[in-house]
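Following: one structure in structure tokens, then a few remarks.
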Amino acid sequence: MASTKNKLAFLSMPAPSSYVAGLGRGASGFTTRSDIGPAREGPSAEVVADAQNKRGEEAEVDPEQYQDPDNEVGLFAGTTYEQDDEEADKIYDMVDENMDARRRQRREAREKVEMDRHRAERPKIQQQFADLKRGLSAVTDEEWESIPEVGNLTRKKRRREERSFVVPDSVLVGDRGKVEYENALDARQQEVGGFETETNFLEIGQAGKKILSLKLDQISGTTTALNSGLSSSVDPKGYLTSLNSVVTKSDAEIGDIKRARMLFDSLVKSNPKHGPGWIAAACLEEHAGRMVAARKMIKAGCEQCPKSEDVWLEAARLHNNDDAKVILANAVQHIGQSVKIWMAASDLEHDVKAKKRVLRKALEHIPNSVRLWKETVNLESSQNDARILLSRAVEVIPLSVELWLALARLETPDRAKGVLNKARKAIPTSHEIWIAAARLREQQGDDIKIIDTTIELGVKELKKHGVLLTREQWLKEAERCESEGSPLVCEAVVKATVAMEIEEEDQLDTWVGDAESAEGRGMVGTARAVLAYALKCYPDRKSLWRRAADLEKAHGTRDSLTAVLDRAVHHCPQAEVLWLMSAKEKWLAGDVPAAREVLERAFVANPESEQIWLAAVKLEAENGELGVARELLVRARTVADTERIWMKSAVFERQRGHHTTALETLATALTKFPKFAKLYMIQGQIHQAMKNFPAARASFAAGLRACPKEETLWVLASRLEEADGKSIKARSILDKARLVNPANEDLWAEAVGVEDRSGAPQQAKALLSRGLQECPTSGQLWAMSIWSEPRPTRKSRSVDALKKSADNPVIICTVARLFWAERKVEKARQWFGRAVATNPDLGDSWGWWMKFERQHGTAEYRAEVTNKCVAEEPHHSPVWQSIAKDDRSAGKSIKEILELAADALEQA
């Protein structure tokens with residue numbers, strides 16, 4: 001009881017002075033409807049602020065409470081603005097302006113650099129497509145029209161909003177009434193002329209049947225009228241078939257035709273002398289199937305535009321052959337000088353005599369038309385008559401080059417010279433006449449000097465008369481002469497004009513470019529002539545002779561190639577590659593003594609040439625002269641004394657099975673050339689072949705100490721340990737090799753191969769992933785990654801590989817093998833061709849292609865692959881090198897190595 005009294009007493013106690021009801025929960029004083037009147041007001045702002053201070057809360061500050069009510073801009077706006085204040089403000093503004101001007105240039109330059117960098121990093125869309133927008137000016141109308149419509153590329157099915165409406169009852173009732181039939185007449189009768197009429201449907205049906213029967217009898221030709229001589233325009237047998245060809249036009253098309261007819265009617269009425277308007281109106285009627293209206297329209301056009309040849313030609317087209325002749329006869333009465341009208345009239349004639357008659361009548365009206373003369377001459381079957389016509393033509397039109405040249409072709413060689421001389425006098429500015437004269441001399445078998453003199457004289461005469469053809473135009477004329485079977489004239493034109501308009505320092509590059517472009521267009525004679533002139537001016541340029549030799553090797557004969565190489569070694573005796581090419585061509589031709597003679601001359605010109613010594617050794621070794629080859633090697637080691645000669649000496653002895661002699665040679669060579677890695681490789685391989693693994697291991701270790709950057713040595717050392725059954729040591733060697741040679745794809749590939757051969761596919765896959773991270777553009781590693789994937793994901797993996805490896809030939813070959821596996825023969829053949837075209841030096845690509853053609857190709861395809869491979873002479877790729885450098889492959893040709901590589905790849 002006492003507690004209840006205390007509680008009530010607490011409720012009746014007055015509230016503290018700082019208490020505001022609901023203030024802690026975000027409440028504030030507000031006024032309600034019940035507060036209006038005598039009700040008490042909420043706490044004032046001072047009370048709320050006092051309470052917030054006691055609670056430790058910060059009061060909200062009004063940002064405008066200190067603002068000057070008279071001036072909301074400055075604190076001292078209410079004061080008086082005097083003249084000294086204005087002067088002070090001007091001084092401050094001047095100081096600010098001077099301070100800003102001191103750093104303005106640097107600031108603006110810095111801002112410009114920052115803006116340029118920002119625009120380079122994030123260019124506008126308009127700038128990104130500026131070049132493409134400029135390229136749109138070259139787009140033709142056909143290309144614009146062939147652009148497909150943009151479809152839905154989001155690959156999402158769009159929901160079609162279906163709307164439904166309530167059909168009114170009136171529509172339903174109307175549709176119902178359409179299908180109802182009346183079975184009784186209306187009681188109300190219509191009176192016509194005072195009589196009541198009733199409809200007899202039976203008589204109407206019988207009359208319709210009678211009319212249909214009469215029409216069918218007329219069509220089939222059984223009526224008496226047809227038998228009496230009248231003709232029918234309807235084929236009764238093809239009548240039903242012809243109904244299928246009737247084109248029915250929609251309401252929209254009919255509406256368009258009506259609107260177009262109205263427009264054309266307005267056009268021809270407002271401007272009746274405008275010929276294209278009449279033509280368009282007639283074409284519209286033709287399109288609508290109203291041929292009578294079309295002919296009537298074009299007839300009115302002929303009356304209104306009698307001087308328009310297009311209107312007359314359109315009228316002739318719209319009529320049949322006989323009516324067209326009449327129309328064109330009327331046309332020549334109005335425009336007898338129109339060549340098109342006369343040519344159209346000639347085309348309407350089917351008899352040759354009638355054509356001749358029309359054309360000769362045309363020549364009476366237009367004697368200076370070259371086209372009419374040419375057509376008239378072409379109709380003549382007798383060469384004598386054609387010659388007579390052309391003689392008359394050149395008298396009438398002496399400035400026509402075509403007629404003069406045609407007359408010269410019909411004349412005998414002696415008379416042709418006279419004709420060309422007359423033509424040259426009549427038209428001194430024509431280069432075609434001079435070229436024709438030179439071709440005539442070539443046909444008569446004159447010497448090249450006479451042809452050259454003719455072309456040079458022609459160029460001089462043309463310059464006198466102000467005719468200045470450019471180099472490009474003369475080269476095109478030379479190519480035209482070559483294509484028409486005049487190689488000597490082509491060469492003469494090049495000699496006389498190829499040096500025009502070129503500075504001396506730019507001549508060589510320009511001529512090489514001309515030769516390459518001509519060869520690319522298939523004009524080998526022009527390219528040969530350009531290079532011959534360049535070699536005449538620069539006979540000591542080795543690169544020019546090499547290019548000329550390559551041109552003859554690709555497009556010429558063996559004799560022409562031999563002639564070029566003989567001239568090349570005469571002018572460039574210090575060029576080793578030219579001597580070697582000359583000796584090789586003679587060797588391939590089967591003339592071994594001539595090849596020896598070339599190499600002997602090469603020795604005289606280059607006594608210390610390593611390549612010539614080795615070529616002589618190879619020549620003797622391939623032809624069975626082993627003793628001579630060994631003596632040459634001994635002499636070469638004495639005269640030239642290079643590391644490669646010592647290496648070839650050891651390889652020569654190794655291939656003959658003389659391992660002891662080879663090791664002695666290598667020991668001597670290593671004392672002279674301790675940094676040559678191939679000596680250590682050959683030494684280790686000989687010891688490994690002799691099953692002396694400790695000695696081989698010591699050779700490879702010495703080589704790695706001397707040449708730690710040679711990855712092939714690391715691979716051979718690893719394979720030695722693997723062959724000795726020590727895979728763990730092979731892994732450690734490769735780990736060390738990758739530390740010494742980081743980012744080396746061959747070492748990563750070998751490490752993956754070690755794991756595969758050891759039976760650890762998971763470890764191999766992990767190593768392959770690490771290798772791709774370190775060598776992201778390695779074609780070899782990507783190829784291994786593709787084949788490690790399951791069959792369904794290989795295609796997508798190959799796409800990633802092509803993107804990352806920038807069309808690596810190994811990846812292209814792998815893609816071809818994928819197509820091969822999917823039985824896509826043509827695609828696989830195309831991709832194999834791409835692979836060898838990208839890098840023809842990779843022998844494994846040729847081997848895979850040969851393997852593919854063995855399975856799916858014919859003998860012609862296999863022969864083509866073999867010939868291309870022999871021409872390219874590949875040297876690299878793992879399988880190819882292992883076969884080519886094997887002792888058992890000594891003396892084998894490229895064709896035999898290709899077959900062995902295909903066999904080895906089949907076993908892989």
Side-chain angles (χ1 to χ4, degrees), residues 708-719 721-722 727 730-821 828 831-832 834-836 838-849 851 874-882 901 904-905 907-908:
K709 294 296 183 180
E710 188 67 34
E711 65 270 8
T712 308
L713 264 175
W714 292 100
V715 173
L716 291 176
S718 172
R719 290 183 180 179
E721 301 299 339
E722 196 175 358
S727 299
R731 291 191 188 97
S732 65
I733 289 175
L734 290 175
D735 290 341
K736 186 177 180 181
R738 293 198 301 273
L739 292 176
V740 178
N741 301 280
N744 189 290
E745 60 175 342
D746 294 332
L747 296 176
W748 280 106
E750 184 64 23
V752 175
V754 169
E755 298 300 337
D756 279 335
R757 291 188 291 269
S758 300
Q762 297 298 328
Q763 185 67 19
K765 196 167 185 179
L767 275 176
L768 186 58
S769 300
R770 290 172 53 196
L772 284 174
Q773 291 178 359
E774 191 167 347
C775 306
T777 60
S778 171
Q780 189 176 358
L781 294 178
W782 274 110
M784 297 174 72
S785 176
I786 291 172
W787 292 113
S788 65
E789 293 287 332
R791 184 180 293 272
T793 59
R794 287 177 181 174
K795 185 177 292 185
S796 60
R797 193 67 171 170
S798 63
V799 173
D800 296 339
L802 286 172
K803 292 179 181 178
K804 294 291 182 64
S805 62
D807 292 339
N808 190 282
V810 179
I811 300 298
I812 297 175
C813 182
T814 305
V815 173
R817 292 170 59 190
L818 289 177
F819 284 125
W820 178 11
W831 280 79
F832 275 125
R834 284 184 56 188
V836 299
T838 305
N839 189 354
D841 192 48
L842 299 181
D844 287 1
S845 299
W846 294 101
W848 282 115
W849 196 2
K851 176 186 174 183
H875 293 90
H876 295 90
S877 286
V879 177
W880 183 275
Q881 281 184 313
S882 64
L905 290 170
Q907 298 171 2

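- One finds the CD atom of Glu774 at 5.0 Å from the CH2 atom of Trp748 (value rounded to the nearest 0.5 Å).
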>> Quick one, Leu842 with Asp844, criterion side-chain contact (heavy atoms from CB on, under 4.5 Å). Give me CA distance, side-chain angles, the key distance, then yes/no.
In response: CA-CA 6 Å; Leu842 299 181; Asp844 287 1; 5.8 Å; no
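- Nearest heavy atom pair, residue Ser877 against residue Gly843, reads OG-N, 3.4 Å.
- Considering all non-hydrogen atoms of both residues, Met784 and Gly753 come closest at CE-N, 4.5 Å.
- Put simply, CZ on Phe832 and CZ on Arg817 are 7.5 Å apart, with the number rounded to the nearest 0.5 Å.
- Lys804 approaches Thr777 most closely through the heavy-atom pair O-CG2, 3.3 Å.
- Atoms OG and CD1, from Ser718 and Ile733 in turn, are 6.0 Å apart once rounded to the nearest 0.5 Å.
- With sequence neighbours excluded, no residue satisfies salt bridge (charged side-chain N to carboxylate O under 4.0 Å, His left out) with Arg770.
- Using a 4.0 Å cut-off between charged side-chain N and carboxylate O, Glu755 and Arg731 make a salt bridge.
- Rounded to the nearest 0.5 Å, atoms CG (Asn741) and NZ (Lys736) are 11.5 Å apart.
- Listed here is the closest heavy atom pair of Pro840 and Pro874: O-CB, 3.5 Å.
- Note that CH2 of Trp787 is 14.0 Å distant from CZ of Arg797, once rounded to the nearest 0.5 Å.
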>> Please evaluate residues Leu802 and Ile812 with respect to the criterion side-chain contact (heavy atoms from CB on, under 4.5 Å), reporting the C-alpha separation (whole Å), side-chain torsions for both, the decisive distance (0.1 Å), and the verdict.
In response: CA-CA 8 Å; Leu802 286 172; Ile812 297 175; 4.3 Å; yes
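- Rounding to the nearest 0.5 Å places NZ of Lys795 at 12.5 Å from CD1 of Ile786.
- Heavy-atom minimum distance, Leu768 versus Ser788: CD2-OG, 3.9 Å.
- Ser778 places a side-chain N or O within 3.5 Å of a backbone atom of Leu781 that can act as its donor or acceptor partner.
- A donor-acceptor pair under 3.5 Å is formed between the side chain of Thr814 and the backbone N or O of Val810.
- In this structure a side-chain-to-backbone donor-acceptor pair under 3.5 Å is missing from Trp849 to Cys813.
- The two atoms that bring Gly847 and Leu905 nearest to each other are C-CD1, 3.5 Å, heavy atoms only.
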> Would Val740 and Trp714 count as a side-chain contact (heavy atoms from CB on, under 4.5 Å) if you check the C-alpha gap in whole Å, the side-chain angles of each, and the deciding distance to 0.1 Å?
Replying inline: CA-CA 10 Å; Val740 178; Trp714 292 100; 4.2 Å; yes
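- A salt bridge links Glu750 with Arg757; the closest basic N to acidic carboxylate O contact falls under 4.0 Å.
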